[in-house]
Amino acid sequence: MASLNTKQRDIVSHVAVHARYGDSSPHNSLKLLITGVAGTGKSILISALFQTLTKLYDFQRDRDLSSVSVLLTGTTGKASYNIGGQTIHAALSFPNRKYRKIERL
Ligand SMILES: Nc1ncnc2c1ncn2[C@@H]1O[C@H](COP(=O)(O)OP(=O)(O)OP(=O)(O)O)[C@@H](O)[C@H]1O
């Protein structure tokens, strides 16, 4: 895997600090939108975040891992595959086509 650039590393550090010391109540949970044009390193960043959180939680032996789950989603099949996730449509059970009713002319 490519080594992270400065921006990617900053985000991983920020998330790791929040996961370790932050308030995890729904109201104060960390909301992070990762966006950018194709090829800017979103998938690499998301994979790094997942690995970092896995290591962090694994290190906390007293933490019940069954209470932690991560839903990895992407907007396209390729993006989802790249992060080992699924499309957001599949995750939320959205139909992937817009069905139209056939009406009499
Ligand atoms: N920090 C980095 N250093 C070197 N190469 C990187 C870095 N981050 C990403 N890359 C490389 O850039 C390419 C695109 O990265 P990535 O697939 O993560 O982009 P993306 O934003 O998810 O793209 P898309 O929107 O098309 O899914 C990949 O080949 C990846 O290995």
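Both counts, for ligands and for their atoms, begin at 1 and track the order of listing. Keep in mind that the numbers below use all heavy atoms, side chains included, and drop hydrogens, waters and symmetry copies.
What you find for Ser43 and Asn82 is that their closest heavy atoms are OG-CB, 3.8 Å.
Judged by distance alone, the side chain of Lys42 and the main-chain N or O of Thr40 form no donor-acceptor pair under 3.5 Å.
Residue contacts with ligand 1 for Leu4 involve N, CA, C or O but no side-chain atom from C-beta outward (heavy atoms, distance under 4.0 Å).
Taking every non-hydrogen atom of Ser43 and a distance limit under 4.0 Å, the qualifying atoms of ligand 1 come out as 17 (O), 18 (O), 20 (P), 22 (O), 27 (O).
For Lys101, the NZ atom counts as loosely surrounded, since its 6.0 Å shell holds 12 or fewer non-hydrogen atoms of other residues, nucleotides or ligands.
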Between Leu71 and Gln86, does the side chain to side chain contact (heavy atoms under 4.5 Å, CB included) criterion hold? Intermediate values first, please.
CA-CA 9 Å; Leu71 183 61; Gln86 57 186 324; 3.7 Å; yes
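Exactly one residue among Thr52, Leu53, Leu56 makes a side-chain contact (heavy atoms from CB on, under 4.5 Å) with Val15. That residue is Leu53.
When only interatomic distances are considered, the shortest N/O to N/O separation between Ser3 and ligand 1 falls below 3.5 Å. Looking at ligand 1, you won't find any N or O of Ala38 less than 3.5 Å from one of its N or O atoms. Looking at Gly39 next to ligand 1, an N or O pair under 3.5 Å apart turns up.
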